[in-house]
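Atoms within a ligand are numbered from 1 in the order they appear, just like the ligands themselves.
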Amino acid sequence: MYTLKKLCLFFLVAFVSCETATKDNVEQKEIMTFTDKHTYAQPDESVVTHLDWTAAIDFESKTISAKAILTLSNSDDASKLMLDTKALSISEVLVDGDQIQFSLRAEEEHKGSALEIPITPQTRQVTVHYSTSPGAEALQWLSPQQTADKEKPFLFTQSQAILARSWVPIQDSPGIRFTYNAKVTVPQGLMALMSAENPQTVSDDGVYNFKMVQPIPAYLLALAVGDLTFTSLGQRSGVYAEASVIERSAAEFEDLESMITAAEELYGPYRWDRYDLLVLPPSFPFGGMENPRLTFATPTILAGDKSLVSLVAHELAHSWSGNLVTNATWDDFWLNEGFTVYFEQRIMEKLYDRDYSEMLAALAAQDLVEEIEAMTEAGNAKDTHLKLDLSMRNPDDGVTSIAYNKGYLLLRNIEETIGREKFDHFLKSYFEKNAFKVMTTEAFIRQFETFLQQESTNFDLNTWIYQSGLPEGIKLPSSNRFSEVDEQLTKYMAGAKPDELNTQQWTSHEWLHFVRSIPETVTNTQLAELDDAFGFTKSGNAEVLTGWLIQVVKHDFSPAYERLEDFLIHTGRRKFLSPIYGEMIKTEQGKIMASTIYKKARPNYHFVATNTLDDMLDQQ
Ligand code: BES
Ligand code: ZN
C-alpha cells in the first residue's frame with residue numbers, strides 16, 4: 001500500500017504530476033526507495049529540477065566564480081534544501097530573490113560540506129553565489145606546457161563519482177536528474193564545451209551559452225576550456241581536439257557514425273541528439289568519460305590504427321546504460337559499467353566480428369580473475385560482490401574489475417542461458433521503459449525476473465550479485481586468437497627466434513596478450529631480443545606499452561627505464577599508472593625509483609589519480 005504522501009513525493013522526483021498514477025509510476029516509486037549514502041540531498045523534501053549556471057573562468061587564480069540558480073520541486077512540508085558542496089566559498093544565497101541566512105556544515109570525509117538553505121513548500125528558486133577553490137577536486141588546470149599545442153592553458157572537469165560538488169553546489173546524487181542552461185565566460189580565443197549543446201567555433205568575446213534539455217544527474221556535468229578546434233565526422237558526430245591532434249583524432253574515429261548506428265540497431269534510438277568526442281590533454285585521468293553529448297577521451301587511444309576504439313564504443317554505450325538508465329547509488333555501479341562492457345562488446349562484434357570481440361572478452365576475464373584473487377587474498381572478498389556496500393568509503397573504491405567485468409560476465413551468462421534473441425528483447429525494452437530514470441540492483445532483479453516468468457525460463461541472479469567471487473562451474477571466455485599467441489610464445493621460450501614467430505596478422509590485442517603472458521622465467525637477453533624485434537619500448541599503443549612496462553619493472557630491464565619514466569611523467573591515466581607504480585613498489589629499489597619519478601610526475605596528474613597514488617606511494 002502506498003500512502004498518498006509517499007506517492008506524491010515520488011512523483012516530485014520523477015517530475016510527473018500526482019494525477020497520472022499508473023502501474024509504471026508505482027514501479028518507479030518502488031525503485032526510489034533507496035538511500036544514497038554519498039549525498040546530503042534530501043529529495044523527499046525538495047529536488048532540483050533545473051540548473052541555470054553563470055560562470056567566469058579565471059586561469060590566473062585557478063578559480064571559477066559563479067551563480068547557480070536552482071529550480072526546485074518541493075514536498076508539502078518542505079522546510080529546507082540540502083545541497084552538496086566541497087571546498088566552495090559561498091558568498092550569498094537568495095531564496096526567490098530574497099537574501100537568506102544559510103548554513104554550511106563542517107566538512108566530512110569524501111562527502112564535503114552540506115549546504116542547508118531554509119525554504120518553504122512554495123519556494124521556486126534558490127540562487128547561490130560562490131567561487132571554487134584552486135584545489136577543487138573535479139577541476140584540473142593545465143599550464144600551456146601541459147597541453148598538446150603548448151600555447152594556451154586548459155581546464156577540464158571530471159565529476160564522476162562525487163566531485164561535481166567541488167564546482168557546483170548541487171544535489172550530487174546519481175538518482176536526481178535536472179536539465180541545465182549555462183553561460184560561461186572564458187579568456188578570449190579559448191573554446192568552452194559542456195555536456196550540452198555545444199559550439200563548433202571559437203566565440204569572439206569569450207562568452208558561450210549552453211543548453212541541456214535532457215535531464216541528467218550531477219556526475220554527468222562537465223566543462224572543458226581550451227584551445228580547441230572541431231572536425232565533423234558525420235551528420236550527428238564530430239571530434240574536438242587541439243590543433244596538433246585534430247587530424248589524427250579525426251582519422252582514428254572516422255567510423256564513429258557507423259558505431260552509433262550499430263548501437264541503435266542493438267538497443268534502440270540514441271536519445272541525446274549529437275554524439276561528439278573531445279580529445280583531452282594526456283593528464284586526463286580516465287580512458288574515457290561518458291559526459292552526455294560529449295564524451296571526454298584520453299589521447300592515449302590515438303594508436304594510429306583504430307585498435308583502441310572499443311573505448312569509444314564503451315563510452316557511447318553509456319548513452320544507454322548509465323546516462324539513460326542510471327545506477328541509483330554507487331553501490332549499484334555495476335548496473336552502469338557491467339551493462340556498458342557487455343554493450344561495448346556487442347557493438348564491436350557487430351562492427352568487426354565475433355573473434356575480435358572474444359579477444360576483448362578474454363582480456364576482461366583475465367583482469368577479473370586476477371582482481372578476484374587479489375581482493376580475496378587481501379581479505380576483501382565482500383568487494384567482489386556486484387552489489388557493493390560503500391558506506392563511509394570513497395565511491396572510487398568501487399571502480400574495480402568487479403563492476404565492469406564480473407558485471408559483464410553475468411550478462412554474458414544470461415545471454416548464453418536464455419539465448420541472445422530473448423536477452424536482446426529484454427535489454428531493448430529495459431532501456432525503453434527505464435529511460436531517464438534510476439535503477440537499483442533490486443529493481444533490475446525484479447524486472448528481469450518478471451521477464452523470465454513471461455518467458456518461462458530461469459536464471460539464478462542472486463549468487464552472482466550477492467556472493468563473492470564467481471559462481472561455481474561457469475565457463476570463462478577464451479579467445480582462439482589468443483591461443484595462437486600462446487603457441488607462438490611457447491615456441492619462442494623453447495628457442496625459436498622472433499622472426500620465426502607467426503605474428504603477421506596480429507592486432508594490438510594479440511600483442512597485449514603476448515606481453516602480458518611473457519613467463520616469469522624470461523631472461524633479460526630474451527627481453528632485449530623481443531624488444532628489438534617487436535619494438536615494445538617504442539610502442540605507440542599505450543595498452544601494449546603498459547603491459548610491456550610492467551614486465552620491464554618485474555624483470556628490472558633497465559634499457560626501457562627512460563621510456564618508463566617519460567611515460568609516467570606524461571600520461572595521467574590512472575588505469576596505466578596504478579599497475580606500473582604498483583609493480584615498482586614491490587621491491588626496495590623499485591620503491592625508490594617510483595617515488596623519485598612520482599615527485600616529478602605528480603604535478604601533471606589530476607586529483608583522482610593522485611588520490612589513489614598518494615596512498616599507494618605514501619606521499620603527498
Ligand atoms: N564512467 C567511467 C569512468 C569513471 C568511472 C570515472 C567511475 C569515475 C568513476 C568510464 O565509462 C570508463 O569506464 N572508462 C574506462 C574505459 C574502459 C573501460 C573502456 C577507463 O577510463 O579506463
Ligand atoms: Zn564506463
- Task: Dump the intermediate steps for ring-ring contact (aromatic ring centres under 6.0 Å, His included) on W141 and F154, then the final yes or no.
- Result: CA-CA 6 Å; W141 303 85; F154 202 105; over 10 Å; no
- Single hit among Y430, F333, Y404 for ring pair (Phe, Tyr, Trp, His ring centres under 6.0 Å) with F339: Y430
- Indicate, with yes or no, if the rings of F296 and F286 have centres closer together than 6.0 Å. no
- Which pairs count as ring-ring contact (aromatic ring centres under 6.0 Å, His included) when at least one residue sits in residues 340-366, sequence neighbours excluded? Y267-F343, W320-F343, Y342-F423, Y352-Y356, Y356-H509
- Message: I'd like to check the ring-ring contact (aromatic ring centres under 6.0 Å, His included) partners of W548; sequence neighbours left out, ordered by chain and number.
- Response: F536, F557
List, for ligand 1, each N/O atom that has a protein N/O partner under 3.5 Å away, with both atom names and the distance.
{"unit_1": "ligand 1", "atom_1": "1 (N)", "unit_2": "Q160", "atom_2": "OE1", "d": "2.7"}
{"unit_1": "ligand 1", "atom_1": "1 (N)", "unit_2": "E290", "atom_2": "OE1", "d": "2.6"}
{"unit_1": "ligand 1", "atom_1": "1 (N)", "unit_2": "E290", "atom_2": "OE2", "d": "3.1"}
{"unit_1": "ligand 1", "atom_1": "1 (N)", "unit_2": "E337", "atom_2": "OE2", "d": "3.2"}
{"unit_1": "ligand 1", "atom_1": "11 (O)", "unit_2": "E290", "atom_2": "OE1", "d": "3.0"}
{"unit_1": "ligand 1", "atom_1": "11 (O)", "unit_2": "H314", "atom_2": "NE2", "d": "3.3"}
{"unit_1": "ligand 1", "atom_1": "11 (O)", "unit_2": "E315", "atom_2": "OE1", "d": "2.7"}
{"unit_1": "ligand 1", "atom_1": "11 (O)", "unit_2": "E315", "atom_2": "OE2", "d": "3.2"}
{"unit_1": "ligand 1", "atom_1": "11 (O)", "unit_2": "H318", "atom_2": "NE2", "d": "2.9"}
{"unit_1": "ligand 1", "atom_1": "13 (O)", "unit_2": "H314", "atom_2": "NE2", "d": "3.1"}
{"unit_1": "ligand 1", "atom_1": "13 (O)", "unit_2": "E337", "atom_2": "OE1", "d": "3.3"}
{"unit_1": "ligand 1", "atom_1": "13 (O)", "unit_2": "Y404", "atom_2": "OH", "d": "2.6"}
{"unit_1": "ligand 1", "atom_1": "14 (N)", "unit_2": "G288", "atom_2": "O", "d": "3.3"}
{"unit_1": "ligand 1", "atom_1": "14 (N)", "unit_2": "E315", "atom_2": "OE2", "d": "3.3"}
{"unit_1": "ligand 1", "atom_1": "21 (O)", "unit_2": "G287", "atom_2": "N", "d": "2.5"}
{"unit_1": "ligand 1", "atom_1": "21 (O)", "unit_2": "G288", "atom_2": "N", "d": "3.4"}
{"unit_1": "ligand 1", "atom_1": "22 (O)", "unit_2": "R573", "atom_2": "NH2", "d": "3.2"}

- Query: Under the salt bridge (Lys or Arg N to Asp or Glu O under 4.0 Å) test, which residues partner E252, sequence neighbours left out?
  - Reply: none
- Task: Would you give the length of the straight line joining atom CG of N198 to atom CZ of R274, rounded to the nearest 0.5 angstrom?
- Result: 9.0 Å
- Note on the structure: Atom name of the N, O or S atom of E337 nearest to the Zn ion (ligand 2) is OE1
- Query: Mind checking whether the Zn ion (ligand 2) has an N, O or S of E290 under 2.8 Å?
  - Reply: no
